[in-house]
Amino acid sequence: MSSQVGFSGKNVSEVTVESIRRGDVTLDDVRIHPNTLAHQAEVARTNGNSQLAENFLRAAELTGLSDDEVLRYYDALRPGRSSSQELMQIADDLMAIGAIKNAELFRQAADVYARRGLTAK
Amino acid sequence: MTTNEPIGRFRFMNEQRVNLDGFATPAPELGLVAFNGLNDPAPSLLITDGRIVEMDGRSEADFDSIDEFIARHGIDLSVAQEAMEIESADFARRLVDPNHSRKSIVRLASGMTPAKLAEVLSLLSASELVIAMTKMRARRTPSNQAHVTNRSDDPLLLAADAATAAAFGFRELETTVPVAADAPSNAVAVSIGAAVGSPGVLVQCSVEESAELALGMRGLVSYAETVSLYGTEQIFIDGDDTPWSKAFLTSAYASRGIKMRVTSGGGSEALMGGAEKCSMFYLEARCVALARAIGAQGVQNGGIDSAAVAGAVPGGVRSLMAENVMVMLRNLEACTGNDALMSESDVRRTSRTHPIFIGGSDFINSGFGSIQRYDNMFGPSQWNSEDIDDFLAMQRDWGVDGGLRTADEIEVARLRRRATDAVSAVYSWLGLGDFSAEWADQAVDAAGSKDISSGDLMLPLTAARTIMETNVTMLDVIAALAENGFDLEAQRCLDMLKARVAGDYLQTSAIFDEEMNVLSLVTDPNEYSGPGTGYQPTPERQAQIDTIRQQRSVADLLVEQQGFENKNIVVAGPAEVSYDPRDVVIGVSPATGKDIWVTLSGLSVADAIKEVLAGLEEEGCVGRIVRVNDSLDLGMIGLTAARLSGSGVSVGLQAKGTALIHRRDLAPLANLELYSVAPTITRELYRMMGINAGRHAKGATPEPVRNPYSDEAIEARYHTKVVSLVAIERNCVTDAAPEVLELKSL
């Protein structure tokens, strides 16, 4: 059974058209909770896709970031945007908030980008 | 013959539409080859201490960023050894063998390298690909996706067309923009229209990657698809991404509970001049492996924008389908192309789609143009609103579920009105713009944007800017819907937001049915294992497939005929034998003057008789109308009439229009002249038949009459009507003796 609790901690059953109309609802109430993503990761693994599971676990780590932060980190990974050091710095920042899997992704990128000439010129 | 003009047969062939298509001589050095490229590697995998150190002939020091990502994330090492040792031909056979389950195949495929799966799938013939698709797709229930766009980003038309697409059964709607900055407005309009049409329809707005994600974060769209992957590093970088940025993007979508799939497709690298001497199929195998590696739940492929490139080389269309099956082998959602129009020829484009339509996929089209070709801002699709009835007829012909259903005209009119009303109300409430009543009326009625003359072309841009500047989210749209009495639509939009909290639609191949149940690999797994297994439409769904709006029953035709009832055809009394040599009897069938009033050509039965009478009169003969009640066989009608005729010559006429000239000394099935193709018999021909019958009666020479020629599918048009009209005739058959009929208006 999937979770009914939104990112804000509010149960989604409390979110109604009426409560939206009253202005009592924020987007965080209808955002996915990291625990739900962890659960979906288990479901994905059970259904033979460990990569999808890993993706959900990375996603769970990103739920705590603001939209702008997510967009900024995405941009940092695009080709030619960041130096290896900058990527390593983001990896450290991610580690600091417990985003271990994403930090690992950035560390790997720092390494591969340097080797393949994908870092900022 | 002094010119270099080809002979007529070839001039004629050259003019056919298929010859507008480009056909390429394979050029392996340019990547213009479907399979077996110059640089395609032999499959290989070397694992040392739990780490891949060589893959597909390349050692890890030489891995490009795509190899690297696949090697580090995409290959399940626990099965890799076992999987790579299986003979490719053996594994290929398992794909079509019901004794090997889908589960066992995807387990092994997860340990195979790109080159290995490319080798396996290149062994499947076209028909084997169909079986493999039937068996290997993730979701049991097939579905379909529509494009909903127009040339002016008209929000009213977008909403009306989105509601229409939902009514026709599409479960995902993809919009995009001719003007990039209009995107937020399109997302809002299509989301509202979709909610008007049906619960649970997923919506996306295809724009630049960051912009698309931002729309998703605001709740304005419910899935994403335009996350492009490429098979060579250079082209990947040209696309302004790396495997790492795409992996992060994939997680970013999931972190907001938004479904996403990636897009790739054979031929794109060749089209962009960066195929590195590899075949289209091998490069696509890399894309699909990467899609799995980055954790995407699904892939849109099968050429997509470069489908015509694949279509230009030998075996290219087969390779497009093999790409789709490869996605299924990787245990991912397959959104199977049939998207960008790949041929000017209706035959070729149907041929390209048909095996996939038969096999069934998660989405048959990764964009059926639900709007007209000219309004499709992705470019014309392989299938467009011009073809919806064709597609529905194909579903019915084969008993295949292609995801669509017939929509009722009155219901669609109602939905279009409600969609434009809802968008008008929301835009006005949120200060995004005001629409005139005339604009709304035109949008409801429009078959395309060319039918709308009163739109304000600046409104979408202003609305989009306001959405961004005032930070409008789906919560605001829901509130605006509710404030204006669109409670149903508000609830449906909210249900889509709530689905993000549960996250079940993040799983592979997820769609919502109309009760908001998630159908996915998890909840609706495809377990095909031979005939009688796998997806079977419910009786309700089968009825939707079977019932198209054009079908007619005998009862329908009877009602149609009654609309033309002619009270001037009356019975005058019993028919006697005549001894007047000028007498020519027009024998008519049992339903004449009772239930059938119009012939298949559209001419009334009375008019057909009048023409025959007039033709007889021209020859100095006198026609007498006699209804033969005991047979509907035209030969017997004609012979019965001839035996009553003073001249011994008759005209036999079935009420549906088929006619002949008969003589009393002939066998029933013989005749003097036969006019067999009733739908093509004109007034003039009935007149000529009267003239010739008169000449036969007088022993003069008749004019030779040729049945008119037609290259139309006459039988397709009329045979079902013929069956019904014959049934009506049969119901009118009685033992009654022949009766004289009169046309009172004469």
Side-chain angles (χ1 to χ4, degrees), chain A residues 2-7 12 15-18 20-21 23 25-27 29-34 36-37 39-40 43-44 46-63 65 67 70-71 73-80 101-102 105-106 108-109 112-113 115-116 118, chain B residues 64-65 68-69 72-74 76 103 106-107 110 209-210 213-214 217-219 233 237 240-242 244-245 247-257 292-297 331-332 473-475 478-479 481-483 487 490-491 494 497-498 500-504 506-508 521-522 525:
Chain A
S2 297
S3 168
Q4 294 296 304
V5 177
F7 182 75
V12 80
V15 177
T16 63
V17 170
E18 199 41 51
I20 292 173
R21 208 166 156 178
V25 179
T26 67
L27 276 180
D29 297 331
V30 286
R31 253 180 65 189
I32 197 163
H33 192 279
T36 308
L37 280 162
H39 161 73
Q40 295 295 354
V43 174
T46 310
N47 283 275
N49 193 335
S50 57
Q51 289 80 5
L52 183 58
E54 285 299 306
N55 172 38
F56 291 155
L57 294 176
R58 286 196 302 269
E61 294 177 355
L62 299 181
T63 54
L65 301 182
D67 292 353
V70 170
L71 289 167
Y73 286 151
Y74 166 57
D75 209 48
L77 276 175
R78 294 179 109 167
K101 287 173 182 289
N102 285 281
L105 198 72
F106 272 80
Q108 239 181 40
V112 177
Y113 285 19
R115 183 166 65 78
R116 300 299 299 176
L118 303 176
Chain B
D64 66 19
S65 55
E68 182 81 29
F69 203 98
R72 300 301 158 236
H73 301 272
D76 283 356
K103 267 194 178 145
V106 300
R107 185 186 75 87
S110 70
E209 330 289 71
S210 292
L213 176 58
M217 287 167 161
R218 288 164 178 247
E233 187 176 63
I237 306 309
D240 202 16
D241 267 302
T242 74
W244 278 263
S245 66
F248 186 83
L249 190 59
T250 302
S251 303
Y253 276 107
S255 77
R256 266 53 183 175
R292 171 72 183 258
I294 66 176
Q297 65 80 32
N331 202 15
L332 301 176
T473 72
M474 186 49 83
L475 294 174
I478 291 168
L481 283 166
E483 291 288 350
D487 294 348
Q491 186 61 50
L494 174 56
L497 284 187
K498 286 187 174 186
R500 298 177 175 213
V501 176
D504 294 329
L506 299 176
Q507 295 293 341
T508 303
L521 170 72
V522 177

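Every heavy atom of this structure was used, including side-chain atoms; hydrogens, water molecules and symmetry mates were not. Predicted, not measured: the structure shown is a model, and the values here were computed from it. Proteins get letters first, then strands, A, B, ... in listed order; numbering begins at 1 in each.
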Applying salt bridge (Lys or Arg N to Asp or Glu O under 4.0 Å) to B/R72 and not counting sequence neighbours gives B/E60, B/E68

Honestly, the part of B/L494 sitting under 4.5 Å from a heavy atom of chain A is side chain

> Are B/D76 and A/Q51 linked by a side-chain donor-acceptor pair shorter than 3.5 Å?
Replying inline: yes

| message | Taking B/R256 first and then A/D67, would you say they form a salt bridge - that is, a charged N and a carboxylate O separated by under 4.0 Å? | response | yes

Donor-acceptor pair between A/N55 and B/S251 side chains, under 3.5 angstrom
yes

Next on the checklist: We want to know whether B/S210 and A/Y74 form a side-chain donor-acceptor pair, criterion being a heavy-atom distance below 3.5 angstrom.
Outcome noted: no

Checked A/A53, A/P34, A/P79 vs chain B; the most non-hydrogen pairs under 4.5 Å come from A/P79

Honestly, the part of A/E61 sitting under 4.5 Å from a heavy atom of chain B is neither

By side-chain contact (heavy atoms from CB on, under 4.5 Å), B/A479 pairs with (sequence neighbours left out) A/I20

Does A/Q40 use its side chain to pair, donor to acceptor, with the backbone of B/A502 at less than 3.5 Å?
yes

Here the gap from A/R31 atom CZ to B/S255 atom OG, rounded to the nearest 0.5 Å, amounts to 6.5 Å

Output for pair (B/L249 CG, A/R78 CZ), nearest 0.5 Å, gives 8.0 Å

